[in-house]
Amino acid sequence: MPVVNYDAVIIGAGFAGIYMLHRLRQRGLSVRAYERGDGVGGTWYWNRYPGARCDVQSMEYSYQFDQTLQQEWQWSERYASQPEILDYANHVADRFGLREDIQFNTVVKRAHFDETAGCWQVGTDQGEEIATKYLIMATGSLSVPNVPNISGMEDFEGDSYHTGEWPQGGVDFTDRDVAVIGTGSSAIQAIPEIARQAEQLYVLQRTPAYAIPARNRPFHPGEQESIKADYDSFRQQAASTPSGIGFEIREEYALEASAEARQQQYEQHWQAGGLAFIGAYGDLLIDSNANDTAAEFVRGKIREIVNSPRTAEVLSPLQTFGCKRICADSGYYETFNRDNVSLIDLHEEPIQAIIAQGVVTAQQVVEVDAIVYATGFDAVTGALARIDIRGRNHVALTDKWAEGPTTYLGLGTEGFPNLFMINGPGSPSVLTNMLPSIEQHVEWIDNCISHLQSHGYQAIEPTLGAELAWVDRVNSLAERTLYPTCNSWYLGANIPGKPRVFMAYIGFPAYVAKCAEVEAAGYTGFTIT
Ligand code: NA7
């Protein structure tokens, strides 16, 4: 096939990819986006499992780059469901006429930097060869499913599903016995829904998670309009918090409050619901004694809600509260009071194999018609690692990152000229509201490309010194917190053999200020040729 030339190639047509496409097209660049799925939406295209819902409030989980767009779109609930978020992604793609420049059902297999020509040579599974000056990875942070390697999986005669690759038409579990493996955010959302349909539901739990009620509800009349009346202030307030999400982290420390006051404070946050619980006190993620008080409060709630003391005990997490992402649930713990739901503690009876009839644990054979793997993702770097990316001197990105990802600002990496990552490792990404983080990265990359184009520059890449200093900064911020104390996907600890490195920058406002400073100073820490 002949080589096709573009100024920019974008890999992925989730929220990052479609906004990047829109911006670069407006600059007059020739741009093509390649997308594995047959539609836009990324995470929200693939994660169609029952109960899938965003844990950031709908009024925040949306673009703000276009006033008309943010004023005209109507959300129906406080937390948007997957179908509604997917509708929104489709609406944006249509509104800005983006589809014509997206090639769907296409997997980018390879991207090699051609030093002689000064461009990236990109190859797809459709056999196309594309040459492009700029390569933008909009490949998503949670887009590569983690499918466990359990002996005999292929022998199972029922249906198997991964929450992150759910069938488009949905699944009907009526009259079926179902096993769900995993109890992270996806499982916690899916389990109450599957339990309502299934004949019997077996929940196979390795590590219990902390779930706070989401308190989702439809918007009250006028509620959305009042936010929209001063949307800018609403957005600015959110952008001023460490997570870029509009809840308050109270300055008071948990250990400074009396036990009674603390209980009241936690109760108030429990009633308000959602991720905001972590803001009940300012020291919950930095002091393990403070953290214990929040953890014990949630365990108390589990004991209150779940009728069987034994089940409540097994459901009660012991790890640091908030160290793995807190789950926002709708009736999760209550589901274990149903007669058709059983909890299996994999610490007591580990999975030994999967056979034709179901799952074999150390104590029983769990016979089922369907297995749902709610086992998470190869987060942040997984989607970059599965493309054969080679920079200068044919160095593979996976080799460069063998000991863990290294980037400057989470936007670029030394040795890979004109390669930009949206929400790459070392940026705040998964610790923030992804939509504003995406917008901030897209706009920074757009401005950077415009700078290169207008000056006739050929290429930009981070200096090694700036990159190493940035990695130190990301690590030292993480080490001041309790995040490194458990085996979370933030650390890559859920994937066997993945280097244990904290992959996100903590503190959205400081990060945004640093990126702006780098840009204003003519891209300090980068080499421009
Ligand atoms: P998570 O949060 O990574 O949860 C995955 C769950 O699957 C978790 O409970 C794991 O237990 C469990 N798991 C993984 N592998 C196995 C095996 N082999 N056996 C048993 N159990 C296993 O993924 P989610 O999809 O729920 O959520 C990801 C993010 O999406 C979430 O944080 C939100 O940001 C949205 P473990 O804890 O590893 O013991």
Side-chain angles (χ1 to χ4, degrees), residues 36-37 43 45-52 107 109 125 140 142-191 193-195 197-209 314 324 340-383 385-386 398 487-489 492-498:
R36 187 162 55 101
T43 293
Y45 172 92
W46 297 101
N47 285 266
R48 297 168 190 246
Y49 61 84
V107 177
K109 305 295 283 182
D125 66 343
L142 295 163
S143 50
V144 177
N146 169 36
V147 181
N149 183 12
I150 304 171
S151 105
M153 277 169 71
E154 59 292 345
D155 299 334
F156 181 57
E157 284 176 356
D159 298 315
S160 302
Y161 307 98
H162 190 285
T163 47
E165 279 184 337
W166 204 257
Q168 293 223 9
V171 180
D172 183 4
F173 290 110
T174 309
D175 296 333
R176 298 170 81 195
D177 293 341
V178 183
V180 173
I181 301 180
T183 48
S185 294
S186 302
I188 278 171
Q189 292 184 333
I191 283 166
E193 300 292 326
I194 298 175
Q197 279 189 353
E199 179 70 22
Q200 272 301 320
L201 172 61
Y202 301 92
V203 175
L204 283 77
Q205 171 192 277
R206 194 163 65 180
T207 312
V314 176
K324 292 186 176 185
N340 69 333
V341 177
S342 320
L343 180 63
I344 296 175
D345 179 2
L346 296 180
H347 279 299
E348 201 147 278
E349 42 176 315
I351 297 177
Q352 294 187 328
I354 290 181
I355 56 170
Q357 297 79 16
V359 185
V360 182
T361 73
Q363 290 179 12
Q364 57 182 316
V365 177
V366 185
E367 287 193 24
V368 287
D369 306 303
I371 300 176
V372 174
Y373 294 94
T375 44
F377 301 89
D378 182 353
V380 185
T381 54
R386 71 175 169 183
T398 45
N487 293 326
S488 68
W489 56 257
N494 62 329
I495 303 294
K498 191 166 172 174

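These values consider heavy atoms only, across backbone and side chains, with no hydrogens, waters or symmetry-generated copies.
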* **Sub-4.5 Å side-chain heavy-atom contact between R206 and D345** => no
* What do the steps show when you test I188 against I191 for side chain to side chain contact (heavy atoms under 4.5 Å, CB included), and what is the final call? -> CA-CA 6 Å; I188 278 171; I191 283 166; 5.6 Å; no
* **Exam field: side chain H347 to backbone T207, donor-acceptor pair closer than 3.5 Å** => no
* **Derivation and outcome, side chain to side chain contact (heavy atoms under 4.5 Å, CB included), residues L201 and V203** => CA-CA 6 Å; L201 172 61; V203 175; 4.2 Å; yes
* Asked: S160 and Y373: which non-hydrogen atoms are nearest, and at how many Å?
  -> CB-CE1, 4.0 Å
* Could you tell me whether a side-chain N or O of Q205 sits under 3.5 Å from a main-chain N or O of V314, the two making a donor and an acceptor? => yes
* **Close side-chain approach of E165 to Y49, heavy-atom, < 4.5 Å** => no
* Of all heavy-atom pairs between G140 and A383, which one has the smallest distance, and what is that distance? -> O-CB, 4.0 Å
* Asked: Under the 3.5 angstrom rule, does the side chain of H162 hit a backbone N or O of N146 as a donor-acceptor pair?
  -> yes
* Heavy-atom check, side chain of V360 versus side chain of I354, under 4.5 Å -> no
* From Q168 CD over to R48 CZ, what is the distance, rounded to the nearest 0.5 angstrom? -> 4.0 Å
* **Rounded distance (nearest 0.5 Å) linking atom OG1 of T174 with atom CD of Q197** => 4.5 Å
* Set of residues satisfying side chain to side chain contact (heavy atoms under 4.5 Å, CB included) with respect to P496, sequence neighbours excluded -> none
* Asked: Atom CH2 of W166 and atom OG of S186: how far apart are they, to the nearest 0.5 Å?
  -> 10.0 Å
* Should we count CG of D172 as having more than 12 external heavy atoms under 6.0 Å? -> yes
* To do: Provide the closest heavy-atom pair for A187 versus A374 in the form atom of the first, atom of the second, distance.
  => CB-CB, 3.6 Å
* Are side-chain heavy atoms of V178 and D369 found at a separation under 4.5 Å? -> no
* **Residue pair S342 / Q200: nearest heavy atoms and the distance that separates them** => OG-OE1, 4.0 Å
* Sub-4.5 Å side-chain heavy-atom contact between D177 and E367 -> no
* Under the salt bridge (Lys or Arg N to Asp or Glu O under 4.0 Å) test, which residues partner R176, sequence neighbours left out? -> D159
* Asked: Parallel, tilted or perpendicular: which describes the rings of Y161 and F173, with under 30° parallel and over 60° perpendicular?
  -> perpendicular
* Just wondering, do L204 and V180 contact through their side chains at under 4.5 Å, heavy atoms? -> no
* Asked: Does any N or O in the side chain of N494 come within less than 3.5 Å of the main-chain N or O of F377, such that one atom is a donor and the other an acceptor?
  -> yes
* **Shortest non-hydrogen contact between A209 and T183, atoms and distance** => CB-O, 3.3 Å
* Is a donor on one side and an acceptor on the other found under 3.5 Å between the side chain of N340 and the backbone of A198? -> yes
* Roughly how far, to the nearest 0.5 Å, is the CD1 atom of I351 from the CD1 atom of I344? -> 9.0 Å
* **Pairwise side-chain contact, V368 with Y202, heavy-atom cut-off 4.5 Å (strictly under)** => yes
* Asked: Between K324 (side chain) and G184 (backbone), is there a donor-acceptor pair under 3.5 Å?
  -> no
* To do: Compare all side-chain heavy atoms of V147 with those of T375 and state whether any distance is below 4.5 angstrom.
  => no
* Grab the two heavy atoms, one from M153 and one from P148, that are nearest each other, plus how far apart they are. => SD-O, 2.9 Å
* **Chi angles and distances behind the side chain to side chain contact (heavy atoms under 4.5 Å, CB included) call for W46, R36** => CA-CA 10 Å; W46 297 101; R36 187 162 55 101; 3.7 Å; yes
* Got a sec, which residues hit side chain to side chain contact (heavy atoms under 4.5 Å, CB included) with A362, two or more places apart in sequence or on another chain? -> E349, P350, Q352
